[in-house]
Amino acid sequence: MRLCFLVEEQYRHDGMPLEVIHQLRAWDHQVDVLWPGRSLIRISEAIQAGSHDAWVLKTVSGGPGLTLLEAAASVGLTTVNDVRAIRGVRDKALAAVIARSKGLPVPVTYAAARPEEFAEIAEAEFPLVVKPADGSSGRAVRLVATPDRLLDPVEPGGPAGAAGGLLIAQPYVPNSGTDLKVYSVAGELYATERCSPLHPAHAVRERQVPLTPEVARITAEIGAVFGLDLYGVDILLGPDGPVVVDINDFPSFRQVPDAVARVSAAVLDLARNGTSGREEFVREASVREASVRTAVGEAGPVNGNGQEAGAGPVPMTGRPGAVPVPVTGKPGAAVLTATGQPGAAARPATGQPGTTSAPATPAPPAPPFAVPSVPRPARPAASIGGGR
């Protein structure tokens with residue numbers, strides 16, 4: 001397969017995605033790398049239909065990489081993750097609205113262009129967590145105890161605002177000072193705990209931890225709502241239960257066993273079979289096209305799947321022909337067999353992915369639990385070129 005990775009300067013020496021690129025090349029796949037932050041890119045030549053099997057983005061929010069990925073999607077190239085899903089989570093204000101509208105546990109969210117505007121929020125809702133709507137990697141996240149501290153600089157000598165960008169504020173969720181990070185690798189979940197950026201003095205050893213059914217369900221629903229395949233979710237265990245405070249596309253996957261091989265295999269699978277968001281887009285387009293054909297008398301009645309009446313069913317979730325592969329045996333891992341990708345589980349983390357031969361070793365024990373089926377609703381998509 002031929003793949004193209006968009007990697008920005010911040011991740012020039014980062015193991016994720018550079019080790020994934022090396023692994024894919026070791027599996028004899030052709031991988032081109034574009035550096036949008038430090039090179040001239042001849043987009044008229046680089047972005048053409050059929051040029052690659054998929055484009056993969058590893059860039060900071062607000063960087064130039066997302067525009068190039070959107071350009072690739074506009075000519076019909078597969079993107080990992082689906083480009084509309086990426087746009088939906090990289091704009092934190094947009095993500096908060098989408099998540100809350102779908103019943104996900106996210107804090108009440110306020111938006112303003114200037115931090116002093118948050119002084120209108122009732123003092124009873126303080127302390128607030130204030131951060132840029134297009135932030136990433138914990139950049140410029142701060143805890144504001146009282147309204148009179150809103151104009152304190154983020155860093156000594158630095159500005160208080162977001163350099164003209166949109167800010168969001170959310171009431172602080174009381175917690176132990178430990179963040180729970182849950183990673184999804186094409187349907188397989190891993191939970192890790194680490195120190196909260198708001199409590200740097202709280203010593204926490206970053207490690208993999210068991211994943212509870214409730215947190216697994218929430219994480220799976222996020223993938224279904226936004227159309228994500230490779231993603232991470234930051235969750236706080238507050239007094240009223242888990243609360244989602246951030247969603248990331250293509251995160252670091254730290255503490256995930258055999259992360260490089262697993263992510264590499266997932267990228268190949270998504271390049272071959274399409275991403276969750278792309279499948280939804282194709283279905284929507286098929287329904288629209290069939291509706292038009294029916295209106296002009298070119299076809300018979302169509303059903304809700306965009307098929308002519310009497311045609312065989314089209315799976316509305318997952319990928320036809322996917323065979324479940326049991327993957328467990330590691331603490332904190334959960335196999336999702338019905339989260340919008342029925343039966344799609346991570347491939348073995350070693351060897352060339354995509355083979356269909358039976359494993360040489362006995363099947364591992366059954367997972368501690370299976371996440372219940374999460375129907376994939378019609379996802380509100382950010383418009384191309386919109387957002388920040």
Side-chain angles (χ1 to χ4, degrees), residues 10-11 13-20 58-61 89-90 92 95-96 99 104-107 127-132 135-144 154-155 168 170-185 188-223 226 228 230-263 266 330-334 346 349 368:
Q10 178 172 328
Y11 302 105
H13 303 293
D14 198 279
M16 190 66 66
L18 296 187
E19 292 180 14
V20 170
K58 181 61 177 177
T59 64
V60 295
S61 295
V89 297
R90 289 204 172 187
K92 298 184 187 301
L104 289 165
V106 296
L128 296 176
V129 178
V130 179
K131 54 189 173 183
S136 59
S137 303
R139 173 177 59 88
V141 178
R142 61 193 182 112
L143 184 62
V144 180
V154 177
E155 298 176 355
I168 66 169
Q170 299 172 324
Y172 172 75
V173 178
N175 63 91
S176 65
T178 300
D179 280 0
L180 186 66
K181 185 81 172 189
V182 186
Y183 298 108
S184 175
V185 185
E188 186 176 4
L189 302 182
Y190 294 91
T192 66
E193 64 177 17
R194 62 186 184 183
C195 178
S196 167
L198 298 176
H199 302 284
H202 180 65
V204 176
R205 181 174 66 87
E206 187 170 340
R207 62 191 180 96
Q208 192 177 351
V209 296
L211 184 63
T212 67
E214 184 179 17
V215 170
R217 177 186 58 79
I218 291 170
T219 305
E221 286 180 355
I222 287 171
F226 288 93
L228 292 163
L230 296 172
Y231 61 99
V233 181
D234 288 358
I235 293 178
L236 294 177
L237 301 180
D240 299 320
V243 179
V244 176
V245 294
D246 202 9
I247 307 169
N248 314 111
D249 63 278
F250 210 115
S252 65
F253 298 104
R254 293 203 304 264
Q255 302 299 321
V256 173
D258 303 313
V260 171
R262 292 182 184 274
V263 173
K330 299 183 175 68

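Residues: numbered from 1 along the sequence shown.
Of all non-hydrogen atoms in P105 and P242, the two that sit nearest each other are CB-O, 3.5 Å. Taking every heavy atom of both residues into account, V106 and A96 meet most closely at CG2-O, 4.0 Å. In this structure, P107 and P171 approach most closely via the heavy-atom pair CB-O, 4.4 Å. Here the shortest heavy-atom pairing between V129 and L143 reads CG2-CD1, 4.0 Å. Between P239 and P174, the shortest heavy-atom distance links the atoms CD-O, 3.4 Å. Nearest approach of V89 to I247, heavy atoms of both residues: CG1-CG2, 3.7 Å.
For the atom pair CG of D246 and NZ of K92, the computed distance is 3.5 Å after rounding to the nearest 0.5 Å. The CG atom of L211 sits 12.0 Å away from atom CZ of R217, with the distance rounded to the nearest 0.5 Å. If you take OH on Y183 and CZ on R262, they are separated by 15.0 Å, rounding to the nearest 0.5 Å. Distance check: F253 CZ to T192 OG1 gives 11.5 Å after rounding to the nearest 0.5 Å. Rounded to the nearest 0.5 Å, atoms CG (D249) and OG1 (T59) are 7.5 Å apart. Taking CD of Q255 as the start and OH of Y190 as the end, the distance is 12.5 Å to the nearest 0.5 Å.
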(request) Assess whether side-chain contact (heavy atoms from CB on, under 4.5 Å) is satisfied between K181 and N248, documenting all intermediate values. (result) CA-CA 10 Å; K181 185 81 172 189; N248 314 111; 2.4 Å; yes
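With K58 contributing its side chain and F250 its backbone, the two residues share a donor-acceptor pair below 3.5 Å. Of the possible polar contacts, none joining the R142 side chain to the L128 backbone as a donor-acceptor pair under 3.5 Å is found.
With sequence neighbours excluded, no residue forms a side chain to side chain donor-acceptor pair (under 3.5 Å) with D179.
The side-chain contact (heavy atoms from CB on, under 4.5 Å) with V173 is formed by just one residue from the set I235, D240, L236; it is L236.
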Under 3.5 Å, which donor-acceptor pairs link side chains of residues 193-204 to any protein atom two or more places apart or in another chain?
residue : atom : partner : partner atom : Å
E193    : OE2  : R207    : NE           : 2.9
E193    : OE2  : R207    : NH2          : 3.0
S196    : OG   : L198    : N            : 3.1
H199    : NE2  : Y172    : OH           : 2.8
H202    : NE2  : S176    : O            : 3.3

